[in-house]
Amino acid sequence: MAALRYAGLDDTDSEDELPPGWEERTTKDGWVYYANHTEEKTQWEHPKTGKRKRVAGDLPYGWEQETDENGQVFFVDHINKRTTYLDPRLAFTVDDNPTKPTTRQRYDGSTTAMEILQGRDFTGKVVVVTGANSGIGFETAKSFALHGAHVILACRNMARANEAVSRILEEWKTKYHPSLK
């Protein structure tokens, strides 16, 4: 805590306090790692939260990063005329872990293809659907088409394929372009 106070960073809103004997450090590239002085080990993940972090942005105004004769990085505060081995950006770290959805979306036998594709844009994508003239294949082809994809209907019967295309186009006109009807 004395090092934080010395660097002017003792007033942080950090919720992930380090256990006794641990220190938060940064690499030259801004990656945060944790030093366990009790066991004399280091690790990338926070000892309590398990999160990886990196510092966000540039050094504050008036600060400069230097390297001493042993290759260790230190920071110079030209405004207050002091140096520290503690990165002043540690107060503004960001999680490096990709965010994971909190709930897993589940589908069942009554879920439609339109529900699964809800909110997605397939413009510029090409989709080939087999058995697209009836049943699940037709619903899948229609859903992709209504979501902007270029759909190729792979069917054994050309007449039924053309009928399926007509039905999809009719629904597209009805739902999205009523003026074309």
Side-chain angles (χ1 to χ4, degrees), residues 1-130 136 140 143-144 146-151:
M1 196 57 158
L4 281 173
R5 198 170 12 268
Y6 182 76
L9 301 172
D10 55 337
D11 185 24
T12 68
D13 59 356
S14 176
E15 293 180 19
D16 38 20
E17 293 285 327
L18 290 171
W22 285 84
E23 180 185 355
E24 192 173 43
R25 296 180 179 174
T26 56
T27 65
K28 290 180 183 180
D29 300 334
W31 295 102
V32 177
Y33 67 99
Y34 302 91
N36 181 342
H37 295 291
T38 308
E39 297 181 18
E40 297 179 356
K41 293 181 180 179
T42 60
Q43 63 188 48
W44 294 108
E45 296 82 18
H46 188 281
K48 284 186 178 178
T49 65
K51 295 180 180 178
R52 288 182 178 225
K53 293 184 176 185
R54 59 183 170 78
V55 292
D58 298 326
L59 287 167
Y61 175 77
W63 285 81
E64 181 181 9
Q65 180 175 316
E66 295 288 332
T67 307
D68 66 14
E69 61 278 352
N70 298 323
Q72 192 167 1
V73 175
F74 67 96
F75 300 90
V76 180
D77 178 359
H78 293 288
I79 295 172
N80 296 308
K81 298 183 180 14
R82 58 186 177 180
T83 62
T84 180
Y85 285 96
L86 188 66
D87 190 330
R89 299 170 294 177
L90 280 173
F92 309 103
T93 58
V94 294
D95 289 347
D96 189 48
N97 298 1
T99 56
K100 296 178 182 176
T102 54
T103 59
R104 184 172 167 224
Q105 187 173 4
R106 297 181 190 270
Y107 302 111
D108 59 19
S110 64
T111 307
T112 66
M114 288 297 279
E115 290 170 337
I116 292 171
L117 299 179
Q118 180 67 35
R120 292 181 173 87
D121 181 17
F122 287 91
T123 304
K125 303 288 184 191
V126 177
V127 178
V128 178
V129 180
T130 59
I136 294 172
T140 302
S143 299
F144 276 118
L146 295 177
H147 282 85
H150 176 85
V151 182

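For the pair Asp87 (side chain) and Arg89 (backbone), a donor-acceptor distance under 3.5 Å is present. A side-chain donor-acceptor contact under 3.5 Å links Asp68 to the backbone of Asn70.
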Next on the checklist: For Gln65 and Val73: C-alpha separation, side-chain torsions, deciding distance, then whether side chain to side chain contact (heavy atoms under 4.5 Å, CB included) applies.
Outcome noted: CA-CA 7 Å; Gln65 180 175 316; Val73 175; 3.5 Å; yes
Next on the checklist: Working note: Phe74 + Val76, criterion side chain to side chain contact (heavy atoms under 4.5 Å, CB included); need CA distance, chi angles, decisive distance, verdict.
Outcome noted: CA-CA 7 Å; Phe74 67 96; Val76 180; 3.6 Å; yes
Next on the checklist: Between Gln43 and Trp22, is the side chain to side chain contact (heavy atoms under 4.5 Å, CB included) condition met? List the steps.
Outcome noted: CA-CA 11 Å; Gln43 63 188 48; Trp22 285 84; 3.5 Å; yes
Next on the checklist: Walk me through whether Thr84 and Asp77 qualify under side chain to side chain contact (heavy atoms under 4.5 Å, CB included).
Outcome noted: CA-CA 8 Å; Thr84 180; Asp77 178 359; over 6 Å; no
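Minimum heavy-atom separation, Phe144 to Val127: CD1-CG1, 3.7 Å. Taking both residues in full, the closest heavy atoms of Thr38 and Pro20 are given as OG1-O, 4.5 Å, listed atom of the first, atom of the second, then distance. Nearest heavy-atom pair across Thr27 and Tyr33 is CG2-CD2, 3.9 Å. Among all heavy-atom pairs drawn from Arg120 and His147, the shortest one is O-CD2, 3.2 Å. Lys53 and Trp31 make their closest contact through O-CE3, 3.9 Å (heavy atoms, listed as atom of the first residue, atom of the second, distance).
Here the options are Val128, Val126, Val129, the test is side chain to side chain contact (heavy atoms under 4.5 Å, CB included), and the partner is Val151; only Val129 passes.
Checked against salt bridge (charged side-chain N to carboxylate O under 4.0 Å, His left out), Glu64 has no partners two or more places apart in sequence or in another chain.
At least one side-chain heavy atom of Leu18 sits under 4.5 Å from a side-chain heavy atom of His46.
Counting non-hydrogen atoms of neighbouring residues, nucleotides and ligands closer than 6.0 angstrom, the CD atom of Glu66 exceeds 12 such neighbours. Within 6.0 Å of atom CG in Asp121, more than 12 heavy atoms from other residues, nucleotides or ligands are found, so the atom counts as buried in its surroundings.
Here Tyr34 contributes atom OH and Arg52 contributes atom CZ; the two are 10.5 Å apart, rounded to the nearest 0.5 Å. The CH2 atom of Trp63 sits 7.5 Å away from the CG atom of Asn80 when rounded to the nearest 0.5 Å.
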